[in-house]
Amino acid sequence: MPREYALQPFRPRVDLRIDYGAELNPQQLAAVTAPPGPALVIAGAGAGKTRTLIYRVAYLIEHGVPPDRILLLTFTNKAAREMMRRVAELLGDDLGGLWGGTFHAIGSRVLRIHGERIGWRRDFTILDRSDAEELVSACLGESADGAPAVRFPKAAVLCEMFSLAVNMRQPVARVIERQFRSFAPVAGPIEALGARYAERKRRTGVVDFDDLLELWLRLLREHSDICEQYQRRFQFLLVDEYQDTNQLQSEVVNLLAAGHHNIMAVGDDSQSIYSWRGANYQNILRFPEQHPGVRLYKIETNYRSTPEILEVANAAIAPNTRQYSKHLVPVRPSGPKPVLIVCPDGDAQAAFVVQRVLELHEEGTALDRMAVLYRSHFHALELQLALTRHNLPYTITSGIRFFEQAHIKDVAAYLRLVCNPRDELAFKRLARMLPGVGPKAADRLWGRLEACRGPSGGGSTRGEGAVGKEEDAASGAGVACVLQRIATQVPRKATVGWAQFTATVAQLEDPARRGAPGEMIRLIVEAVYAEYAQEAFVNARERLDDVEQLAAFAGQFQDLETFLTQLALLTNVDAESRDRSGSGDEEQLRLSTVHQAKGLEFDVVFLIMLGDGLFPSFRSLESQEGEEEERRLFYVAITRARRELYFSYPLVRTAGSRGGDFLQQPSRFLMEIPEALLDTWDLKMPGPPLE
């Protein structure tokens, strides 16, 4: 019987400029030197994901893959530029042929070359989000029947609906059903508006960011020659942050890799926290099904956090049922255990954070190396007040402090107008919130209101619809009476809204209510603002939570004037502190939601408001998927800390539609961490001051 003799593939000797074994740990090295074929790299927090991608690109090029045969897809242009710069530094070569960038940037590049095949000229222009909203507003204005008579979302919310539909590959009606239920009665008109918007873009040669992906996918699907061209060209695909891809991005990637499956997806399913943006963590879980024969690489060596913090992180994510199991292993030396502090209330929690930050600063930790993280923006209300009182500089990742947010200023405008009927800015802000009232109409209405009530500030016998001074006195001489007089002057679209506006102001002017500013805020929400927020804001529920916390804060004041004075002083102090630190030289404590802190790291992290229903949020607990995403968010928060980590929650909270105190239960996520991994501090409150 003949004996087999196998020929080995010829591999010419490669003189590598990089000593990969010396530069990478064994787990990173295995991923970087992976053979062709599908590969999934699960890179834990702080484990060197970016470094792995950079060296993978360099490894491919050093082994003869031309740079223009590699496609590197990222989620930010900054990340793409940084990776390409570092690869060029490693190899000392010009990598101009390497295609690297965001999904949208690559989509735009392909459409500039081949867009005419699907009816788009190469000179199309790209709309940013504000441009898209303006075009949607124009489409709404040109509809046959004008603005709908029923409640209808504003342009920003409509754009979000259309965007989610594209990226999730679902009909607009389905998106409305799942995420914008209050607009289900007008789903048909919204879909019709979406069709007009799409046609208007096509007719005028403009695209929005979502079109760059949708048209790219359409081009590949409808023209097999182009699809095959790019499948042949991009012999190796590398995708960063794969856990954050949405359905549309996943379909584009899978189509490009369909011929050879030389795709390396890098990410961490435990850090998938953007489902509300359309990201689908199922993409990374289903990757082996879509690319048979996939090799799985885990990078679990963590260079960021102490062993004590990583033990807590590993315990925190363990209860999730659908995940790639991983165990972060530390490199850094031992440090203190994470600390749990149970505080009497939100003010005590804020006092603890401020005092501990000052102590750590005295011990040598820079303010900008410390961060306070929270689930929702309103969780930091008491803390912002405490930091302001202590003149401790801080910055918020979103760039907008609590009292300066649009929804807070909207609600405050009602109170300002009731307190001072001559507050022109408050009136115009409220008027512009009505449909059909722009800046010019608001100016005109203010002029009519001033003329109608006369120089005394109350009623007047002059002007159209004037009533006698005796009637003014009987009605309380408030602004609602004057608003009613000029109702015939408002634009037709605003008639219904003006009537509700007038009625709400009349209720707020009731002397019995002016001693309870918190109740006044809740009345505003119930009467007009909840509906307005749904129409105007994509994240309406989060903003209404903020307003409820403002109402709880207002509850400690006995009259409207004192509350508004305090509000103005706090806002002005915030503005002054920013002016003083405008040079950027002054250290500032970082305040951030966990979502906005992803990708960052700090020596010290305070994770506050860890109460059940706060973190995780009540809404997330409606489904197992929601709870597991919140647990991933908790994991992301923990893994931001390098050296010290503090958990805290208040025993008592003020919340609910009618206010009132209630006992706060600790977060279920805290309860899942073994007690032995935490150091518990008893918070001793100061005694009364000496006489």
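Numbers here are sequence positions counted from 1. Note that this is a predicted model, so its numbers are computed, not measured. Values reported hereafter were calculated over all heavy atoms of this structure, with side chains retained and with hydrogens, waters and symmetry mates removed.
Counting only N and O atoms by type, the side chains of Asn246 and Tyr274 include no donor and acceptor under 3.5 Å apart. A side-chain donor-acceptor contact under 3.5 Å links Thr593 and Gln596. If you check the side chains of Asn77 and Arg81, you find no donor sitting under 3.5 Å from an acceptor. Glu542 and Asn539 share no donor-acceptor pair across their side chains, judged by distance under 3.5 Å alone. Inspection of the Ser130 and Glu134 side chains reveals no N or O donor paired with an N or O acceptor under 3.5 Å. When only modelled atom types and interatomic distance are considered, Gln484 and Thr502 share no side-chain donor-acceptor pair under 3.5 Å. The closest side-chain donor-acceptor pair between Tyr242 and Asn283, if any, does not fall under 3.5 angstrom.
Note: Phe75 and Phe103 meet the aromatic proximity criterion, with ring centroids under 6.0 Å apart.
One finds the CD atom of Gln249 at 9.5 Å from the CH2 atom of Trp216 (value rounded to the nearest 0.5 Å). Rounding to the nearest 0.5 angstrom, the gap separating the CG atom in Leu238 from the OG1 atom in Thr74 is 11.5 Å. Interatomic distance, Arg117 CZ to Ile226 CD1, rounded to the nearest 0.5 Å: 4.0 Å. Of the inter-residue distances, the one linking Arg112 atom CZ with Leu212 atom CG reads 8.5 Å to the nearest 0.5 angstrom. The structure places CG of Asn254 at 9.0 Å from CG of Leu256, a figure rounded to the nearest 0.5 Å. Atoms CG and CZ, from Asp410 and Arg429 in turn, are 4.5 Å apart once rounded to the nearest 0.5 Å.
Sorted by first and then second residue, the ring-ring contact (aromatic ring centres under 6.0 Å, His included) pairs involving residues 107-126 (not counting sequence neighbours) are His114-Tyr230.
Side chains of Leu72 and Phe236 form no contact here, defined as non-hydrogen atoms less than 4.5 Å apart. With contacts defined as side-chain heavy-atom distances shorter than 4.5 Å, the pair Arg233/Asp68 qualifies. For the pair Gln507 and Met520, the minimum side-chain heavy-atom distance is 4.5 Å or more. Side chains of Val505 and Val418 form a contact here, defined as non-hydrogen atoms less than 4.5 Å apart. Between Thr245 and Val253 the shortest side-chain heavy-atom distance does not fall below 4.5 Å. A 4.5 Å side-chain heavy-atom check between Phe427 and Leu445 finds at least one atom pair inside the cut-off. A heavy-atom distance below 4.5 Å is not found between the side chains of Val490 and Leu434. Put simply, the side chain of Glu526 does not reach to within 4.5 Å of the side chain of Leu523, judged on heavy atoms.
The number of heavy atoms from other shown groups lying within 6.0 Å of CZ (Arg181) does not exceed 12. Around the CZ atom of Arg541, the shell of radius 6.0 Å holds no more than 12 heavy atoms that belong to other residues, nucleotides or ligands. In this structure, Gln229 places its CD atom where more than 12 heavy-atom neighbours from other residues, nucleotides or ligands lie under 6.0 Å away. Glu199 CD: more than 12 foreign heavy atoms inside a 6.0 Å radius.
Looking at His407, its side chain never comes within 3.5 Å of a backbone N or O of Asp546 through a donor-acceptor pair. Side chain of Arg122 to main chain of Ile113: a donor-acceptor pair is present (N/O by atom type, distance under 3.5 Å, no hydrogens or angles). Between the side chain of Thr504 and the main chain of Gln500, a donor-acceptor pair closer than 3.5 Å is present. At distances below 3.5 Å, not a single donor-acceptor pair connects side-chain atoms of Trp446 with backbone N or O atoms of Ala441. Looking at Asn167, its side chain does come within 3.5 Å of a backbone N or O of Ser163 through a donor-acceptor pair. A donor-acceptor pair is defined here as one N or O able to donate and one able to accept, closer than 3.5 Å; no such pair exists between the side chain of Ser108 and the backbone of His104. Between the side chain of Ser376 and the main chain of Phe378, no donor-acceptor pair closer than 3.5 Å is present. Checked by atom type and distance alone, the side chain of Glu627 never pairs as donor or acceptor with a backbone atom of Leu621 at under 3.5 Å. Side chain of Ser137 to backbone of Glu133: a donor-acceptor contact under 3.5 angstrom is found. Here the side chain of Arg640 pairs a donor or acceptor atom with the backbone of Val636 at under 3.5 angstrom.
Residue Val172 comes nearest to Ala165 through the heavy atom pair CG2-CB, 3.8 Å, listed as atom of the first residue, atom of the second, then distance. Here the shortest heavy-atom pairing between Arg590 and Leu600 reads NH1-CD1, 3.3 Å. Considering every non-hydrogen atom in both Leu415 and Leu564, the closest pair reads O-CD1, 3.7 Å. The two atoms that bring Gln231 and Gly259 nearest to each other are NE2-N, 4.3 Å, heavy atoms only. Considering every non-hydrogen atom in both Ala540 and Ala533, the closest pair reads CB-O, 3.4 Å. Residues Gly100 and Ile106 approach most closely at C-CD1, 4.2 Å, considering heavy atoms.
A cation-pi geometry, defined here as NZ or CZ lying under 6.0 Å from the six-membered ring centre and within 45° of its normal, holds between Lys201 and Tyr197.
Checked options Ser272, Ser275, Ser623; the residue passing with Glu629 is Ser275 (criterion: side-chain hydrogen bond (donor to acceptor under 3.5 Å, both in side chains)). Remark: of the listed residues Leu591, Val594, Leu381, Leu591 is the sole one forming a side chain to side chain contact (heavy atoms under 4.5 Å, CB included) with Tyr374.
At a threshold of 4.0 Å, the pair Lys49-Glu241 counts as salt-bridged, since one of the basic side-chain nitrogens sits closer than that to a carboxylate oxygen. Between Glu424 and Lys428 there is a salt bridge, since at least one side-chain N of the basic residue sits less than 4.0 Å from a carboxylate O of the acidic one. Ion pair Arg169/Glu251 flagged as a salt bridge, since at least one NZ, NE, NH1 or NH2 atom sits closer than 4.0 Å to an Asp/Glu carboxylate oxygen. Glu160 has a carboxylate O that lies under 4.0 Å from a charged side-chain N of Arg129, or vice versa, which qualifies the two as a salt bridge.
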Check step by step if side chain to side chain contact (heavy atoms under 4.5 Å, CB included) holds for Phe209 and Glu214. CA-CA 9 Å; Phe209 273 79; Glu214 187 175 40; over 6 Å; no
Going through the checks in order, is the side chain to side chain donor-acceptor pair (under 3.5 Å) test met by Asp545 and His377? CA-CA 9 Å; Asp545 285 341; His377 197 55; over 6 Å; no
Pair Leu71-Leu73, side chain to side chain contact (heavy atoms under 4.5 Å, CB included): steps then yes or no: CA-CA 6 Å; Leu71 175 61; Leu73 290 167; 4.1 Å; yes
Start with the C-alpha gap between Glu82 and Arg85, add the side-chain angles, then the distance that decides, and say whether salt bridge (charged side-chain N to carboxylate O under 4.0 Å, His left out) holds. CA-CA 5 Å; Glu82 176 67 10; Arg85 180 187 66 79; 2.7 Å; yes
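In this structure, Phe287 and His291 have tilted ring planes: the angle between them lies in the 30° to 60° band.
Val157 pairs by the side-chain contact (heavy atoms from CB on, under 4.5 Å) definition with Pro153, Met161, Phe180, not counting sequence neighbours.
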